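Values below: all heavy atoms of this structure, side chains included; hydrogens, waters and symmetry mates excluded. Everything numeric in this text was worked out from a predicted model, so none of it was measured. Order of listing sets the numbers, starting from 1, for every ligand and every atom in it.
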Amino acid sequence: MTFDLNPEQDQLRDAVRALGRRYGHGYFVEKAKAGEHTTELWADAGRLGYLGVNIPTEYGGGGGGITELAIVCEELAAAGCPLLLLVVSPAIAATVINRHGTEEQRKRHLPGLADGSAKIVFAITEPEAGSNFHRLGTVARRDGDDWLLSGRKCYISGVDEAEHVLVVARTEDAASGKLKPALFLVPTDAAGLTRSKLDMEILSPENQFLLYLDDVRLPADALLGESLDAGLPALFAGLNPERITVAAMGAGTGRYAIERATEYTATRKVWGGRTIGSHQGVSHPLAHAAVQVELARLMIQKAATLYDAGRDLEAGVAGNMAKYASGEAAALAVDTAVQALGGAGMTTEYGVATLLGAVRAGRIAPVSREMILNFVAQHVLGQEKSY
Ligand SMILES: Cc1cc2nc3c(=O)[nH]c(=O)nc-3n(C[C@H](O)[C@H](O)[C@H](O)COP(=O)(O)OP(=O)(O)OC[C@H]3O[C@@H](n4cnc5c(N)ncnc54)[C@H](O)[C@@H]3O)c2cc1C
């Protein structure tokens, strides 16, 4: 057992940290408040090869795994730039296309995802279905060689920045007549696809959208994979990378918040010569949050290692636990940091309260804490399913 990164991973961590610090949380907040995107940071990360670390070298990537992508997510977040689209585009979309797309789809889409010139976002959530993906109502029908997609999706991140959206729909299985999931690569400018931006209480340069698909006509090769049978495994293929990278983003955000707070409490003096941090009422909550963040990081490392070793089922348990632990730790760390900073904690200048909305959302999305607890109760503790 080792808890060390290998030399290449260490180098990657240092290099991403340096890039993140060059931009910093001020840049992230400025872009969010201006209603703009972190285009420059994304382009730099793509040029330096960080967005494609997990994509095979023959498609322009770095040939690494989710361990490497988790490092990128964590370090950018630890520099105050938690980019949700890292989870959506390189983690979910690139993994799904690489593992279950056709060779033609891999050649067409992966190089752009690797160098950051293209983004593919992911649409599964629907207003009526919510956490219950068995109720998905977006339907794909055959029309000659084409497909026609109709339905609604909600909270879809980054549609305004992406060239394609990977839409989870249902098709009728010719043999059984049952509906089964299928994934489609839908151009974001396709006729019949419209969107409206949701007003979210999250300070972020990345936006969420409602999507309306009204008989969106797609060619046969928009279906992900060689046949409809690719749908279900493709859907599952995205889950572990999603859980692990979003957990890494949360751990990075937690580290960022604790660092901001401890810098402050180690120097701020309001009772004579002693610092605020000397008071255990201030330092213990910060230490407690630091322990929670570090525990989450350990579980992330375990999940990523299992995933990269091809042990998908075990990675599923560890990835869900990592996501749960990190979501809770990040929310605790940011809230504790705000408190430790006092009034300064609520200012934009100190850059901590700016993350309150994002970490709160991290306990809901992309999978809620309750659905993870359901998973652990059933698959680890052997309890009966309640739904
Ligand atoms: C910032 C943000 C970005 C997002 N980006 C995307 C995206 O890019 N693509 C995408 O497809 N989706 C995205 N989502 C959607 C997200 O995945 C869903 O919000 C999430 O899965 C929960 O679904 P819901 O909101 O419909 O909640 P609901 O399913 O309505 O659940 C409401 C509450 O009930 C709880 N609950 C539901 N069922 C159970 C149960 N059986 N047992 C116990 N508790 C239960 C839930 O945990 C939750 O607390 C995003 C959401 C947010 C907030």
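For atom 51 (C) of ligand 1, the nearest protein heavy atom (residue, atom name, distance) is A365 CB, 3.4 Å. Atom 9 (N) of ligand 1 has as its closest protein heavy atom F122 O, 2.8 Å. At the shortest separation from atom 15 (C) of ligand 1 among protein heavy atoms lies T125 OG1, 3.3 Å.
Each of the following atoms of ligand 1 lies closer than 4.0 Å to a heavy atom of E370: 43 (C), 44 (N), 46 (C), 47 (O), 49 (O). Those atoms of ligand 1 that come under 4.0 Å of a heavy atom in I156, given as number and element, are 7 (C), 8 (O), 9 (N), 10 (C), 11 (O). Taking every non-hydrogen atom of G130 and a distance limit under 4.0 Å, the qualifying atoms of ligand 1 come out as 26 (O), 29 (O). Near I364, meaning under 4.0 Å from one of its heavy atoms, ligand 1 places the atoms 20 (C).
The shortest N or O to N or O distance between P366 and ligand 1 is under 3.5 Å. Checked by distance only, ligand 1 and S157 come closer than 3.5 Å through their nitrogen or oxygen atoms. For ligand 1, the polar-atom distance check finds no N/O of V367 at less than 3.5 Å from any of the ligand's N/O atoms. Between Y387 and ligand 1, no pair of N/O atoms sits closer than 3.5 Å. The distance criterion of under 3.5 Å between nitrogen or oxygen atoms is not met by I202 with respect to ligand 1. When only interatomic distances are considered, the shortest N/O to N/O separation between S368 and ligand 1 falls below 3.5 Å.
Under the 6.0 Å distance and 45° angle rule, R142 counts as a cation-pi partner of W147. In this structure, R195 satisfies the cation-pi test against F209, with its NZ or CZ atom closer than 6.0 Å to the six-membered ring centre and inside 45 degrees of the ring normal.
Remark: atom 20 (C) of ligand 1 lies closer than 4.0 Å to at least one protein heavy atom. Distance check on atom 11 (O) of ligand 1: some protein heavy atom falls below the 4.0 Å cut-off. Contact annotation for atom 28 (P) of ligand 1: protein present (non-hydrogen atoms, distance under 4.0 Å). By the definition of a contact as any protein heavy atom under 4.0 Å away, atom 33 (C) of ligand 1 is not in contact. Atom 5 (N) of ligand 1 lies below 4.0 Å from at least one non-hydrogen atom of the protein.
Using modelled atom types, one finds a donor on one side chain and an acceptor on the other under 3.5 Å when comparing E40 with Y27. A donor atom on one side chain and an acceptor atom on the other are found under 3.5 Å apart for D44 and Y23. Checked by atom type, the side-chain pair N320/H379 shows no donor-acceptor distance below 3.5 Å. A donor and an acceptor atom, one from each side chain of E126 and T138, are located under 3.5 Å apart. A donor atom on one side chain and an acceptor atom on the other are not found under 3.5 Å apart for E226 and T102.
The heavy atom nearest to atom 2 (C) of ligand 1, out of those in E128, M371, R360, Q208, is found in Q208. Selection from S386, S131, G357 by nearest heavy atom to atom 23 (O) of ligand 1 gives S131.
Listed by first and then second residue, the ring pair (Phe, Tyr, Trp, His ring centres under 6.0 Å) pairs involving residues 66-107 amount to none (not counting sequence neighbours).
Within the 4.5 Å cutoff, the side chain of E328 has no heavy atoms near those of the Q292 side chain. Counting heavy atoms from C-beta on, the side chains of K31 and L41 never come closer than 4.5 Å.
The proximity of Y155 to ligand 1, defined as any non-hydrogen pair under 4.0 Å, involves the side chain as well as the backbone.
The shortest heavy-atom distance from N374 to ligand 1 is under 4.0 Å.
Around the CG atom of L313, the shell of radius 6.0 Å holds no more than 12 heavy atoms that belong to other residues, nucleotides or ligands.
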Check against salt bridge (Lys or Arg N to Asp or Glu O under 4.0 Å), R360 and E201: CA-CA 10 Å; R360 191 62 192 80; E201 295 298 331; over 6 Å; no
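Take H25 and apply the ring-ring contact (aromatic ring centres under 6.0 Å, His included) test, not counting sequence neighbours, and it matches F28, Y256.
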